[in-house]
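Read the structure below first, then the notes.
In this chain, numbering begins with 1 at the start of the sequence shown. Read the numbers this way: they start at 1 and go in the same order the structure lists the ligands and their atoms.
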Amino acid sequence: MFKRLLGNRSKNAEKSVGVNSEQNLMEQLDLSKLPVHVAIIMDGNGRWAVRMGKPRSFGHRTGVKALRQVVELCVELKIRHLTVYAFSTENWKRPREEINVLMDLLVEYLYKEIDELCANNVKINPIGILSELPEKAREAVYAARERSRDNTGLVFNVALNYGGRAELVQAIREIAEKINGNQLRVEDIDGGVLAAHLYTAGQPDPDLLIRPSGDYRLSNFLLWQLAYTEFWMTDTMWPDFGKRDLLKAFLDFQSRERRFGGLIRN
Ligand code: FPP
């Protein structure tokens, strides 16, 4: 089972070391105001590795460790939805060796972690054009989805061969086909209908988007779903990202005033 932090909340309060210790940050957290859906662009693996004089693959491998930390804490805090950007529709432009490393890591991660993820009631929900993934990756992804389909805890969306524009195009095509087949009328199309044709259908939009590694862009991630999402950026590279960073993001999120285009009532 994943390490438990919450059980020790008050017992360990006095043992906190420094304002940024995991325990201290945890103590400050308001558990009733956590984001329901957290989205993360896991960026910076390559630069992190190059800075250390290592191959980019080392950055990706270390990035998997960071992902593990994040999933653990999301389970611990009972976050309902986590969406991570693991491979974009544009990532095929990378050298073949790097693509192979990423696919191998995905397969390794899913086969190694599936038991523990299931033991923690995590439901793996791959999103993207999965049919275009290499066979081994596709099989691992389908197997993980099938194994975890009845789990009722964290919904873990793993974006693979995912692009926000491709997702919208696919949704519009499906809607158009329904209109052609007289299953839907043009005047019935609204935001709800569109959202119901996205990979994230039935899930709430992300409350918080985290992007590490100092870049400030969306990179074709969840273009529709991020309309009113709070963004949290950090210079920390993804391989260095850990539970403390996630807790800092949550604390900052809790200080935000979300208006969704309206006004705050006094
Ligand atoms: C961006 O860093 C990261 C990726 C393209 C891949 C993210 C993948 C992982 C963290 C590991 C595999 C995923 C799973 C689900 C097991 P970058 O390479 O673009 O970094 P750079 O901007 O520094 O070059």
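- Criterion: ILVMFWY side-chain heavy atoms under 4.5 Å apart, direct or through other members. Under it, Met42 and Phe58 are not part of a common hydrophobic cluster.
- Salt bridge status for Glu257 with Arg259: present, with a side-chain N to carboxylate O gap under 4.0 Å.
- Look at Arg244 and Glu22 and you find no salt bridge, because none of the NZ, NE, NH1 or NH2 atoms lies under 4.0 Å from a carboxylate O.
- Side-chain contact between Ile172 and Leu194 is present, with heavy atoms from C-beta onward closer than 4.5 Å.
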Handout entry: Trp232/Phe250 under ring-ring contact (aromatic ring centres under 6.0 Å, His included): CA gap, chis, key distance, verdict
Key = CA-CA 9 Å; Trp232 192 80; Phe250 287 175; 9.3 Å; no
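- Taking the charged nitrogens against the carboxylate oxygens, Asp252 and Arg256 do have a contact shorter than 4.0 Å, which makes a salt bridge.
- For ligand 1, the polar-atom distance check against Trp48 finds no nitrogen or oxygen pair separated by under 3.5 Å.
- On a distance-only criterion, Asn91 and ligand 1 share no N/O pair closer than 3.5 Å.
- The N/O atoms of Trp238, backbone and side chain alike, include none that comes under 3.5 Å of an N/O atom in ligand 1.
- The ligand atoms of ligand 1 that sit less than 4.0 angstrom from a heavy atom of Leu102 are 6 (C), 8 (C).
- Under the 4.0 angstrom criterion for non-hydrogen atoms, Arg56 is in contact with ligand 1.
- Inclusion of Tyr109 in the set of residues having an N or O under 3.5 Å from an N or O of ligand 1 is not warranted.
- Summary of contacts: the protein heavy atom closest to atom 21 (P) of ligand 1 is Arg47 NE, 3.5 Å.
- Here the heavy atom of the protein found nearest to atom 11 (C) of ligand 1 is Val64 CG2, 3.6 Å.
- We find the CZ-CD1 distance between Arg147 and Ile124 to be 8.5 Å, quoted to the nearest 0.5 Å.
- In the model, Gln170 has no side-chain atom that pairs as donor or acceptor with a side-chain atom of His197 under 3.5 Å.
- Regarding atom 13 (C) of ligand 1, its nearest protein heavy-atom neighbour is Ala86 CB, 4.0 Å.
- Protein heavy atom nearest atom 9 (C) of ligand 1, with residue, atom name and distance: Asn45 ND2, 3.8 Å.
- At a 4.0 Å cut-off, not a single heavy atom of Met237 sits close enough to ligand 1 to count as contact.
- Glu72 and Arg68 are joined by a salt bridge, as a carboxylate oxygen and a charged side-chain nitrogen come within less than 4.0 angstrom of each other.
- Scanning all protein heavy atoms for the shortest distance to atom 3 (C) of ligand 1 gives Met42 O, 3.0 Å.
- Counting heavy atoms closer than 4.0 Å to ligand 1, residue Asp215 contributes nothing at all.
- Checked against a 3.5 angstrom limit, the closest N/O atoms of Gly63 and ligand 1 fall outside it.
- Nearest-residue assignment for atom 15 (C) of ligand 1 (options Asp104, Val107, Leu67; heavy-atom criterion): Leu67.
- More than 12 heavy atoms of other residues, nucleotides or ligands sit less than 6.0 Å from atom CD of Gln183.
- Under 4.0 Å from ligand 1, the heavy atoms of Arg94 that appear belong solely to its side chain.
- Following chains of ILVMFWY side-chain contacts shorter than 4.5 Å, one can reach Leu223 starting from Tyr216, so the two form part of one hydrophobic cluster.
- Taking only nitrogen or oxygen atoms, main chain and side chain alike, Tyr85 does not reach within less than 3.5 Å of ligand 1.
- Each of the following atoms of ligand 1 lies closer than 4.0 Å to a heavy atom of His60: 11 (C), 18 (O).
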